[in-house]
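This one's a predicted model, so the numbers in the text were calculated from it and none came from an experiment. We number each residue from 1, following the sequence as shown.
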Amino acid sequence: MYILLVYDIKFDPEGDGEKILPKVFNICKKYLYHIQNSVFEGELSKSELYKLRQELEKVIRKDLDSIIVFESRNERWLKKEFWGVKEDKTSNFL
């Protein structure tokens, strides 16, 4: 299945959000392509999606942070338009 994942990590006075944000980013990057600040996409199996969810649920604060996952059968069923700058998936490689 093709996944589009969006997250919102709240910053707080204690600074927990600043610590959580890079952890969430790195977990998402293990499974998906980073396409914009808090947006990832890519093809995942059900087991990979399950593992991703398990890892993220250990890190996020369920009362403050949010993650939205959109599922599609594959990328062909997802109409995607770029308005403005089009990010290149290969730009994630160092």
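No salt bridge links Glu55 with Lys51; every basic N to acidic carboxylate O contact stays at or beyond 4.0 Å.
Here the CG atom belonging to Leu78 is positioned 7.0 Å from the OH atom belonging to Tyr2, to the nearest 0.5 angstrom. Taking CD1 from Ile27 and CD1 from Ile67, the interatomic distance works out to 8.0 Å, rounded to the nearest 0.5 Å. Note that OG of Ser72 is 10.5 Å distant from NZ of Lys80, once rounded to the nearest 0.5 Å. To the nearest 0.5 Å, atoms CD (Glu57) and CZ (Arg53) are separated by 4.5 Å.
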Output, in order, the C-alpha distance, side-chain angles, deciding distance and verdict of salt bridge (Lys or Arg N to Asp or Glu O under 4.0 Å) for Lys10 and Asp8. CA-CA 6 Å; Lys10 298 289 183 203; Asp8 184 20; 3.0 Å; yes

Under the criterion side-chain contact (heavy atoms from CB on, under 4.5 Å), I'd like the reasoning laid out for Leu64 against Asp16: C-alpha separation, chi angles, the key distance, then a yes or no. CA-CA 11 Å; Leu64 292 176; Asp16 292 337; over 6 Å; no

Just do the side-chain contact (heavy atoms from CB on, under 4.5 Å) check on Val6 and Ser66 with the steps written out, would you? CA-CA 8 Å; Val6 180; Ser66 70; over 6 Å; no

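With a 6.0 Å radius and a threshold of 12 heavy atoms from other residues, nucleotides or ligands, Phe11 has its CZ atom above the threshold.
A perpendicular orientation is assigned to the rings of His34 and Phe25, their planes being inclined by more than 60° (bins at 30° and 60°).
Remark: the backbone N or O of Met1 is paired with a side-chain donor or acceptor of Glu43 at under 3.5 angstrom. A distance-only check finds no donor-acceptor pair linking the side chain of Arg61 to the backbone of Ile9 [under 3.5 Å]. Side-chain atoms of Asp65 never come within 3.5 Å of backbone atoms of Tyr7 as a donor-acceptor pair (strictly under, hydrogens ignored). Between the side chain of Glu48 and the backbone N or O of Ser45, at least one donor-acceptor pair lies under 3.5 Å.
Counted by atom type alone, Glu75 and Trp77 present zero donor-acceptor pairs between their side chains at under 3.5 Å.
Linking ILVMFWY side-chain heavy atoms closer than 4.5 Å, directly or via other members, places Ile68 and Val39 in a single hydrophobic cluster.
Contact record, Lys19 with Lys23: O-CG, 3.6 Å, taken as the closest heavy-atom pair.
Contact annotation: the side chain of Glu71 approaches that of Ile3 to within less than 4.5 Å [non-hydrogen atoms, C-beta and beyond]. Side-chain contact check for Ser38 versus Leu5: every heavy-atom pair is 4.5 Å or farther apart. Between Val69 and Leu4, every side-chain heavy-atom pair lies at or beyond the 4.5 Å cut-off. With a 4.5 Å cut-off on side-chain heavy atoms, Glu41 and Leu32 do not count as touching. Between Phe40 and Ile35 the shortest side-chain heavy-atom distance does not fall below 4.5 Å.
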